[in-house]
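Okay, so here's the structure we're looking at.
Ligands are counted one by one from 1 in listed order, and the atoms in each one are counted from 1 as well.
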Amino acid sequence: MRKKVTIVGAGNVGATTAHWLAAKELADLVLVDIVEGVPQGKALNLLQALHVEKSDVSVRGSNDYDLTAGSDIVVITAGFPRKPGMSRDDLVRANAEIVGEATKQTVKASPDCILIVVTNPLDAMCEVARRVSGLPRERVIGMAGVLDSARFCAFVAMELGVSVDNVQGFVLGGHGDQMVPLPRYCTVAGIPITELLDTATIDRLVERTAKGGGEIVNLLKVGSAYYAPGRAIAEMVDAILKNKHKILPCAVYLQGEYGIRDLFVGVPCQLGAKGLEKVIEIKLTAQEHAALRRSAEAVEALVKALPSEAAVV
Ligand SMILES: NC(=O)c1ccc[n+]([C@@H]2O[C@H](COP(=O)([O-])OP(=O)(O)OC[C@H]3O[C@@H](n4cnc5c(N)ncnc54)[C@H](O)[C@@H]3O)[C@@H](O)[C@H]2O)c1
C-alpha cells in the first residue's frame, strides 16, 4: 500500500510541497485548507499534471480532516506568511491558534502520524504542535534547517561558480535572523570553504543566509518563499518514508543536547521511519556555542510569548 501524506494549508508552501512530493511519486496526498474550493481545485490541477509526469499517486483536497485519516506524515503549513517589514515573530499569536487547531484535528484523524511543522515562527509553532498533540519528540519535527542550509550552499555555489552538487553545509539554531550558519563545516568537493573564500566574503554569505527569507519577502511584496521551502519539506518526507537514516538539519525538542533543554532548536538530526532517530552532537567553538545559545534564547522568548490557550493540550 502506498504511504499517505497530508498537507494542511494549501497555500504557496503547501501546494508547492504537494507538487514536489507528487512528482517524486512518494505518497498519496491530501490537501486541507479552510478556503472552500482551494484544496480541491489545486489537488485536481496537480492530479492532471501527474498524467504527463507518469506519477500514479492520488491527490485529493478537502476542507475537513476525514480524508486525512491514517496519514503517515502530516505537514502543517497553515497560517499567515510574513509581509514586508514584518518579522517571523510578529506572526506568533495569529499562527499559534491556527497551528493548535490544525494539530488537534490532525492527531484525531491520524494518531500515529509524524508531524512536520512549517508554519512560522517555526520553533514556537513546533512547541504548539508538541503541546497540543502530546506526541513524543521523535514525531514532532520542524522544517527550517534544510531550507536555511540550502540557501547558504546556493550562495556559496554562486560565489565560487561551482556546481551546487559540490557544496555541502548546514545551519544550526532557530529559524530566525539569529540562525547560525557554520562555515567551518561547509565544504566544496570536500574542501572547507575557509580555504576557498576570504573571511569578509564568508561573513557576507552568512549574513545573506540569515536574512535569506526576508530578501525574498521584500522582492515578492506579497507572500514569502515557497519553491525552496517546498523542496526542503520533500527532502524530510523522503528521508522518513524511505527510512533513509539520513542526517538533515531539523528543529527538534532538545533534551540537554548542546546544553539546551525543553526547546525546539535546529540541529543535525538523523531521520528515518520513526521520525527523529538521533540528534547528532558536534563539537562547537566557544563562539559558535555562544551564537547557538543566543539563537536558543530568541526561541525561548517566543515560546514565552505564546498565548496561554496554546498551552492547553
Ligand atoms: N519553516 C520555514 O522554513 C518556512 C518557509 C516558508 C514559509 N513558512 C511559513 O509557512 C506558512 C505558510 O506560508 P505560505 O506562503 O504557504 O502562506 P499562504 O498564505 O500562501 O498559505 C497559507 C494557507 O493556510 C490556510 N489556512 C489558514 N488557516 C487555516 C486553517 N485553520 N486550517 C487550514 N488551512 C488554513 C490559508 O487559507 C492559506 O491557503 C507561513 O507561516 C510561512 O511563514 C515557513
### Message
Taking the side chain as everything from C-beta on, heavy atoms only, tell me whether K244 gets closer than 4.5 Å to L271.
### Response
no

### Message
With a 6.0 Å cut-off (strictly less than), is the heavy-atom count around OH of Y185, excluding the residue itself, greater than 12?
### Response
yes

### Option nearest atom 38 (C) of ligand 1 (shortest heavy-atom distance, choices V118, D64, D33)
D33

### Summary
of all protein heavy atoms, closest to atom 20 (O) of ligand 1 is N12 N, 2.9 Å

### Query
Below 3.5 angstrom, do we get any N/O pair linking M143 and ligand 1?
yes

#### Entry: Heavy-atom closest contact (V35 atom, N63 atom, distance)
O-ND2, 3.1 Å

### Query
Does any N or O atom in A225 lie less than 3.5 angstrom from one in ligand 1, N or O only?
no

### Taking atom 40 (C) of ligand 1 as the reference point, the nearest protein heavy atom with its distance
F80 O, 3.2 Å

### Nearest-neighbour protein heavy atom for atom 43 (O) of ligand 1, which is reported as residue plus atom name and distance
N120 ND2, 3.0 Å

### Query
Are M143 and V279 linked, directly or through other ILVMFWY residues, by side chains that come within less than 4.5 angstrom of each other?
yes

#### Entry: same_hphob_cluster(L50, V30) at 4.5 Å side-chain heavy-atom cutoff
yes

### Message
Do D64 and Q105 pair up side chain to side chain, a donor and an acceptor below 3.5 Å, judged on atom types alone?
### Response
no

### Query
Atoms of ligand 1 less than 4.0 Å from L147 heavy atoms?
3 (O), 5 (C)

### Query
For ligand 1, is there an N or O atom under 3.5 Å from any N or O atom of H175?
yes

### Message
I'd like to check the side chain to side chain contact (heavy atoms under 4.5 Å, CB included) partners of T187; sequence neighbours left out, ordered by chain and number.
### Response
Q168

#### Entry: Identity and distance of the protein heavy atom lying nearest atom 22 (C) of ligand 1
G79 O, 3.2 Å

### Summary
By side chain to side chain contact (heavy atoms under 4.5 Å, CB included), V146 pairs with (sequence neighbours left out) A232, E235, M236, L248, P249

### Query
What are the atoms of ligand 1, with element, lying closer than 4.0 Å to any heavy atom of L122?
1 (N)

### atom 30 (C) of ligand 1: nearest protein contact (heavy atom, Å)
I34 CG2, 3.6 Å

### Task
Quick one: look at N95 and ligand 1, take heavy-atom pairs under 4.0 Å, and tell me if it's side chain, backbone, both or neither.
side chain

### Query
So, T6 versus S71: side-chain donor-acceptor pair below 3.5 Å or not?
yes

### Query
Under a 4.0 Å N-O cut-off, is there an ion pair linking R137 with E257?
yes

### Query
What distance do I247 atom CD1 and I280 atom CD1 have between them, rounded to the nearest 0.5 Å?
4.0 Å

#### Entry: Closest candidate by heavy atom, reference atom 35 (C) of ligand 1, pool A78, P121, S224
A78

### Message
Would Y226 count as a contact residue for ligand 1, given that I'm defining contact as a non-hydrogen atom of the residue lying under 4.0 Å from a ligand atom?
### Response
no

### Message
Just checking D165: does its CG atom have more than 12 heavy atoms from other residues, nucleotides or ligands closer to it than 6.0 angstrom?
### Response
no

### Query
What is the nearest protein non-hydrogen atom to atom 12 (C) of ligand 1, stated with its residue, atom name and distance?
T77 O, 3.0 Å

### Message
Heavy-atom contact check, 4.0 Å cutoff: does V38 meet ligand 1?
### Response
no

### Query
To which protein heavy atom is atom 31 (N) of ligand 1 closest, and what is the distance rounded to 0.1 Å?
I98 CG2, 3.6 Å

### Where ligand 1 meets V35 - atom numbers and elements under 4.0 angstrom, heavy-atom basis
37 (O)

### Query
Where is the nearest protein heavy atom to atom 7 (C) of ligand 1: which residue, which atom, and how far?
V13 CG2, 3.6 Å

### Query
Within the structure, does P229 bring an N/O atom to less than 3.5 angstrom of an N/O atom in ligand 1?
no

